[in-house]
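Order of appearance sets the numbers: ligands from 1, and atoms from 1 within every ligand.
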Amino acid sequence: MATDEKKERILIVKLLVIGSGAREHALAWRLANTPGARKVYVAPGNAGIARERGMENLPLTEPEALADFAEKEKVRLTVVGPEAPLAAGIVDIFQARGLKIFGPTRAAAQLEASKDFAKRFMTRHRIPTARFATFTEIDAANAYVDQEGAPIVIKADGLAAGKGVVVAQTKEEARAAIAEMLAGGALGQAGRQVVIEEFLKGEEASFIVISDGKNVLPLASSQDHKRIGDGDTGANTGGMGAYSPAPVVTPEVYARVMREIILPTVKGMEKDGVPYVGFLYAGLMIGKDGGVKTLEFNCRMGDPETQPIMMRLKSNLLTLLEYALEGRLKDVEAEWDRRIALSVVLAAENYPATPRTGDAISGLPKNNVWDENTRVFHAATAEREGNVVTAGGRVLTVCALGETVRAVRKRAYDVISGIQWEGMQYRADIGHRALVAHDDA
Ligand code: AMP
Ligand code: GLY
């Protein structure tokens with residue numbers, strides 16, 4: 001090996017991102033674009049990641065195999081994107097082998113993996129959330145619905161990939177959801193226990209922080225669009241678009257969320273003997289009176305919220321995560337682009353029910369870049385005979401950064417007008433709430 005080549009190998013910092021969505025593409029992009037030579041492996045990755053300089057897909061998903069790779073290749077830091085590996089204990093496996101990984105342990109990830117755990121935790125630590133009760137028996141659950149009335153919300157206890165929540169408008173709908181979860185077995189183990197909770201009114205927002213177990217660093221605020229259809233109608237999805245900042249998170253709301261939800265959560269987890277290190281995502285319902293309640297916790301970044309947040313992050317993401325792992329978050333601050341970032345998800349036909357896959361995508365910008373402020377992150381894409389094809393429900397996220405909501409929206413939709421595949425669907429109104437709230441409406 002030539003000396004120069006040797007030197008380069010030593011100087012390249014290797015990082016590993018676990019996952020394959022647009023969230024992971026955006027995280028890998030930010031990690032790859034920090035100063036110094038970087039190589040970011042994404043496992044298993046997607047066709048968009050394969051086209052990026054400094055990134056490489058890694059066809060591995062088993063935690064032990066990933067740990068073997070990290071050990072052998074001397075990966076400096078592994079970052080976990082989705083909840084499933086966290087809930088399965090990938091952080092515990094890496095830690096037991098002395099490998100540096102960013103994310104909560106299996107015990108801490110219960111904040112997302114069990115709604116019953118999360119609700120009991122919030123009650124114990126007086127963190128505001130909807131009134132609730134937990135059931136394993138249909139009769140008792142139905143009796144509770146009779147007593148409480150509709151609308152009412154039925155949630156499968158375990159991870160159900162966004163399919164475990166039914167907002168029932170009538171008692172009949174509530175009973176049907178209970179029967180399906182407890183008796184129908186549609187959600188398997190995740191639905192063997194249900195949480196029934198009070199229906200909350202207000203506007204939703206995503207509040208995501210980095211936690212080092214004691215201190216937190218809040219990320220820029222964001223809001224997503226959960227429903228498939230324009231005007232926030234139709235089926236619930238993983239998210240059809242997002243933007244940052246979220247106008248609904250005013251300085252007053254921000255202060256309340258930190259004081260009433262985020263800090264008590266991190267302190268409570270520490271007190272309970274399960275310190276929380278990782279991204280912590282609180283799904284909020286913000287009432288007209290400015291009151292805040294926790295709808296759910298996620299033990300990871302949001303998708304699509306990550307994409308606009310990463311577009312705006314100016315600080316070195318690797319540094320922030322390493323400070324968190326050292327318990328030193330109070331010594332750093334994050335710097336944000338003051339402009340607005342907005343992302344639109346392009347989904348396959350029949351998403352979210354049974355997305356059709358294998359369609360060739362045309363009109364993708366070269367290397368995912370449209371211009372300096374506009375780029376495409378890939379989610380479910382694969383390479384087939386030199387073509388990029390759809391490989392799942394949410395296929396791409398188009399992201400733009402600009403001075404006004406109106407301008408970023410226009411830019412994102414201009415890019416989208418050139419992209420095509422059979423059955424492609426997207427919402428035409430991403431950011432409508434921000435448009436109303438901001439001065440440029
Ligand atoms: P979750 O996965 O718990 O965030 O629920 C998915 C979606 O269901 C949320 O984003 C809300 O739109 C809705 N939802 C969940 N819980 C409630 C509630 N208690 N009241 C009103 N809507 C809710
Ligand atoms: N966009 C919602 C989530 O990531 O859970």
Mark up the atoms of ligand 2 that fall under 4.0 Å of a heavy atom belonging to [X], in ascending order.
X	answer
Glu305	1 (N), 2 (C), 4 (O)
Gly302	4 (O)
Gly238	1 (N), 2 (C)
Asn298	5 (O)

Can you check whether [X] has an N/O within less than 3.5 Å of an N/O in ligand 2?
X	result
Asp303	yes
Arg23	no
Glu296	no

Ligand 2 versus Arg300, non-hydrogen atoms closer than 4.0 Å: side chain, backbone, both, neither? side chain
For ligand 1, which atoms have a heavy atom of [X] less than 4.0 angstrom away?
X	result
Lys155	3 (O), 15 (C), 16 (N)
Asn236	7 (C), 8 (O)
Lys226	10 (O)
Leu200	18 (C), 19 (N), 20 (N), 21 (C)
Glu197	16 (N), 17 (C), 18 (C), 19 (N)

Is it true that Asp230 and His432 share a donor-acceptor pair across their side chains at a distance under 3.5 Å? no
Ignoring hydrogens and angles, state whether a donor on the side chain of Glu83 or Asn298 is under 3.5 Å from an acceptor on the partner side chain. no
Below 4.0 Å from ligand 2: does a non-hydrogen atom of Gly239 turn up there or not? no
Compute the minimum heavy-atom distance from Gly283 to ligand 2 and say whether it is under 4.0 Å. no
Exercise: identify the closest heavy-atom pair between Ala341 and Leu401: CB-CD1, 3.6 Å
Let me confirm one number: the [atom1]-[atom2] distance from [X] to [Y], rounded to the nearest 0.5 Å.
X	Y	atom1	atom2	answer
Arg411	Arg409	CZ	CZ	14.5 Å
Ile262	Leu284	CD1	CG	7.0 Å
Asp429	Thr233	CG	OG1	8.0 Å
Leu219	Leu313	CG	CG	7.5 Å

Closest by any non-hydrogen atom to atom 17 (C) of ligand 1: pick that one out of Thr129, Ile196, Leu295. Leu295
Partner of Val292 under side chain to side chain contact (heavy atoms under 4.5 Å, CB included), picked from Glu260, Met258, Met285, is Glu260
Between Ala130 and ligand 1, does any nitrogen or oxygen pair lie at a separation below 3.5 Å? no
Has Lys115 got any heavy atom lying under 4.0 angstrom from an atom of ligand 1? yes
Closest to atom 1 (N) of ligand 2 among protein heavy atoms sits Asp224 OD2, 2.6 Å
Pair [X] + [Y], salt bridge at N-O below 4.0 Å:
X	Y	result
Asp116	Lys155	no
Arg338	Glu403	yes
Glu383	Arg51	yes

Angle class for the Phe377/His25 ring planes (parallel below 30°, perpendicular above 60°, tilted otherwise)? perpendicular
